Protein chains: 2
Amino acid sequence: MRIAVLGTGTVGRTIATKLVELGHEVTMGSRDAAGEAVTEWAAENGEGASAGTFADAASAGEVVFNCTAGTASLSALEAAGAESLAGKVLVDVANPLDFSRGMPPRLSVCNDDSLSEQIQRAFPEARVVKALNTVNAAVMVNPGALSEPSDIPVCGEDASAKETVAKLLEDFGWPAERVLDLGPITSARGMEMYLPLWLALMGAVGGPGFNVRVVRAS
Amino acid sequence: MRIAVLGTGTVGRTIATKLVELGHEVTMGSRDAAGEAVTEWAAENGEGASAGTFADAASAGEVVFNCTAGTASLSALEAAGAESLAGKVLVDVANPLDFSRGMPPRLSVCNDDSLSEQIQRAFPEARVVKALNTVNAAVMVNPGALSEPSDIPVCGEDASAKETVAKLLEDFGWPAERVLDLGPITSARGMEMYLPLWLALMGAVGGPGFNVRVVRAS
């Protein structure tokens with residue numbers, strides 16, 4: 001599949017590298033197509049990997065991963081272009097974390113709204129699915145490194161888009177029964193508002209290599 | 001131990017009943033000491049159970065559980081009285097959920113602040129510990145009903161207050177190693193902001209009888 005990964009940070013590089021390993025044709029998009037991070041990544045990852053602008057990547061991809069910083073996502077997607085996003089599955093991995101006032105970070109949007117809802121409103125023809133924002137990059141693409149199976153929530157308005165994402169998550173190593181469909185895109189509020197707890201848990205656990213597993217009544 | 005439980009809803013009654021079963025002397029406090037919920041509860045629970053106003057309960061208890069609705073907690077604690085709370089462990093179980101605009105509910109305070117911090121600021125001599133707000137009432141006092149051990153976070157400024165709460169949680173059935181100390185009272189932001197995700201998970205799981213278990217790197 002042709003996949004666009006927008007964003008050249010740890011999350012973008014980790015997901016893009018995994019997708020190349022899985023045999024996809026991946027275009028990593030950045031603000032500057034000649035930027036060091038993106039050209040280096042493309043050079044290191046062989047034939048399936050290429051570099052471009054946000055617009056190059058979005059027009060090439062059949063599925064688009066938003067791995068930009070949450071506070072910059074709307075402008076990155078604007079640069080990608082509404083026409084290039086129309087009809088496509090847009091996997092929103094970003095968290096709207098604002099560290100400018102110190103720890104714990106604020107969310108730049110929450111409670112009555114979420115980043116994923118903002119994205120869905122700004123790009124109504126994209127099929128937005130929130131996913132993977134509840135774990136760190138290493139866990140996203142290698143959930144089997146944890147000591148037990150754990151859960152990964154997704155949400156969005158489009159059922160077939162969620163199915164496409166669920167299949168990609170299975171390819172990443174998430175068991176099908178551990179992909180939890182939380183329903184409509186409004187559930188992105190909860191998935192994003194989990195981040196302050198995630199950060200506190202990271203402190204208690206001693207690092208970012210963890211996730212949670214839902215335990216039900218026996 | 002003499003324990004006050006403020007609030008006569010499901011959470012207050014469930015915790016108060018469990019504490020009586022454990023042999024504590026429990027005073028359930030309500031706005032109206034002659035109210036049906038509180039007098040009925042006291043009559044049903046025998047010698048260890050008594051009913052009173054918020055002030056009666058807070059003055060009688062060595063430990064105080066705030067099980068009032070989050071949006072009413074500050075006024076309930078005001079009625080309980082700062083002098084009666086001074087020096088005492090105040091276990092804040094409440095969530096500042098506002099359902100007035102429908103589902104998913106808003107939090108009446110979040111992001112830069114939390115209910116527990118508001119309470120700690122309003123009653124600086126109380127030793128506030130956030131605990132138990134991340135699970136439903138039945139799970140709070142019977143975590144063993146779930147199919148696997150799960151985790152219960154706590155936070156607060158006072159280490160010995162957290163130890164007191166951890167011992168009570170162990171009496172409720174929480175394994176000591178599953179009581180996760182998330183550090184300072186600011187972590188209550190994350191514990192409260194988890195609620196929208198909890199509600200979405202409840203929908204996916206099919207009911208409130210669940211919790212999460214932190215899974216670490218193997």
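Every value quoted in this text rests on a predicted model; they were computed, and no experiment measured them. Chain letters run A, B, ... following the sequence lines, proteins first and then strands; every chain starts at 1.
You'll find the side chain of A:Val212 stays beyond 4.5 Å of the side chain of B:Asp151, heavy atoms only.
When heavy atoms are compared at a cutoff of 4.5 Å, A:Ala145 approaches chain B solely by way of its backbone atoms N, CA, C and O. Looking at B:Pro149, the atoms closer than 4.5 Å to chain A (heavy atoms on both sides) all sit in the backbone: N, CA, C or O.
A:Glu125 CD: 12 or fewer foreign heavy atoms inside a 6.0 Å radius. Within 6.0 Å of CD in B:Glu36 there are 12 or fewer heavy atoms belonging to other residues, nucleotides or ligands.
Closest approach of A:Leu182 to B:Ala204, counting heavy atoms only: CD2-CB, 3.7 Å. In this structure, B:Pro196 and A:Gly190 approach most closely via the heavy-atom pair CB-CA, 3.7 Å.
With hydrogens and angles disregarded, a donor-acceptor distance shorter than 3.5 Å links the side chain of B:Asn111 to the backbone of A:Leu107. Not one N or O on the side chain of B:Asn211 forms a donor-acceptor pair closer than 3.5 Å with the backbone of A:Val215.
Put simply, CG on A:Leu201 and CE on B:Met191 are 9.5 Å apart, with the number rounded to the nearest 0.5 Å. For the atom pair OG of A:Ser150 and CZ of B:Arg216, the computed distance is 13.5 Å after rounding to the nearest 0.5 Å. The CG atom of B:Asp112 sits 5.5 Å away from the CZ atom of A:Arg101 when rounded to the nearest 0.5 Å.
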